[in-house]
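Report on the structure given below.
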Amino acid sequence: QSALTQPASVSGSPGQSITISCTGTSSDIGTYNLVSWYQQHPGKAPKLLIYEGTQRPSGISNRFSGSESGNTASLTISGLQAEDEAHYYCCSDAVYTPVVFGGGTKLTVL
Amino acid sequence: EEQLLESGGALVQPGGSLRLSCSASGFTLSNFAVNWVRQAPGKGLDWVSAISASGDARLYADSVKGRFTISRDNFRNTVHLQMSSLRAEDTALYYCVQRITEYEDSSGSHGRYYHTWGQGTPVSVSS
């Protein structure tokens with residue numbers, strides 16, 4: 001069982017917005033507040049999407065945004081596009097282990 | 001373009017050993033901490049091991065502690081993961097990942113994320 005909890009799946013229609021939650025505890029997200037998010041397309045390596053909770057790397061669309069509050073982080077994708085269909089993982093440092101990932105969320109674009 | 005390339009994955013019998021390697025292009029790997037993250041077939045991401053830029057600090061997941069050893073050769077710009085006493089549950093795609101470690105500045109804490117991922121090397125443990 002992953003220490004960071006994500007919904008197993010979310011879906012949305014093109015153009016809509018969706019939000020993926022990542023729930024941790026005071027021993028991970030609540031302590032470090034530096035959550036990162038990764039996008040993984042089938043058969044591909046994960047790619048950095050959001051770092052330090054809210055920052056986008058160069059080349060990542062501003063349709064992707066991140067937020068943090070307490071022990072929870074969220075990833076919002078606005079203006080959904082077919083190419084956004086992928087798995088999404090949150091990640092945090094933790095007191096009980098150096099790094100912990102969420103279980104992953106499969107995004108389906110209807 | 002910054003890239004990481006893993007090698008060494010193979011099919012191995014339970015109890016066997018394997019050595020994975022990671023090299024970089026487009027940046028100097030020796031300037032960064034490196035982690036190994038694995039992904040079992042159809043499953044999520046699982047942190048395995050980490051090594052600091054200097055090689056002085058090494059960390060392991062409980063599931064591999066005592067069986068895996070991470071090392072680096074900064075002269076050759078490579079990182080290795082020596083795996084022994086392999087089990088079926090070690091079967092996974094192993095990713096080498098560039099880690100941005102924590103740093104502080106006037107605006108607060110930063111870092112603690114994975115910037116560049118390799119394409120992965122597959123390890124299959126089966127008789």
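The model shown is predicted, which means the values in this text are computed figures rather than measured ones. A, B, ... follow the sequence lines: proteins, then strands. Residue 1 opens every chain. Heavy-atom basis, side chains included; hydrogens, waters and symmetry copies ignored.
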Is [X] close to chain A through its backbone or its side chain, or both, or neither, when contacts mean heavy atoms under 4.5 Å?
| X | value |
| --- | --- |
| B:N35 | side chain |
| B:V37 | side chain |
| B:Y95 | side chain |

Does the A:E52 side chain pair with the main chain of B:G111, one donor and one acceptor, at a distance under 3.5 Å?
->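 At least one qualifying donor-acceptor pair exists.
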Whether A:Q81 side chain and A:P14 backbone form a donor-acceptor pair below 3.5 Å | no
Heavy atoms of other groups near A:Y96 OH, more than 12 under 6.0 Å = yes
Option in A:C91, A:P57, A:A45, A:G53 with maximal non-hydrogen atom pairs under 4.5 Å from chain B |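 Result: the option with the highest number of such pairs is A:A45.
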Shared hydrophobic cluster for B:I100 and A:Y32 (ILVMFWY, side-chain gaps under 4.5 Å) |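 In one cluster with B:I100: A:Y32, no.
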Interchain contact, A:P46 with chain B, by part (heavy-atom threshold 4.5 Å) =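 When you check distances to chain B, atoms from both the backbone and side chain of A:P46 fall under 4.5 Å.
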Residue part contacting chain B, namely of A:Q55, when any heavy atom lies under 4.5 Å =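 Neither part.
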Taking B:Q39, B:R112, B:H115, B:K43 one by one, which has the highest count of heavy-atom pairs under 4.5 Å against chain A?
->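 With the most close heavy-atom pairs to chain A, the winner is B:R112.
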Please determine if A:D93 and B:R99 form a salt bridge, counting it only when a charged side-chain N lies under 4.0 Å from a carboxylate O.
-> yes
Carboxylate-amine/guanidinium proximity below 4.0 Å for B:R87 and B:D90 = no
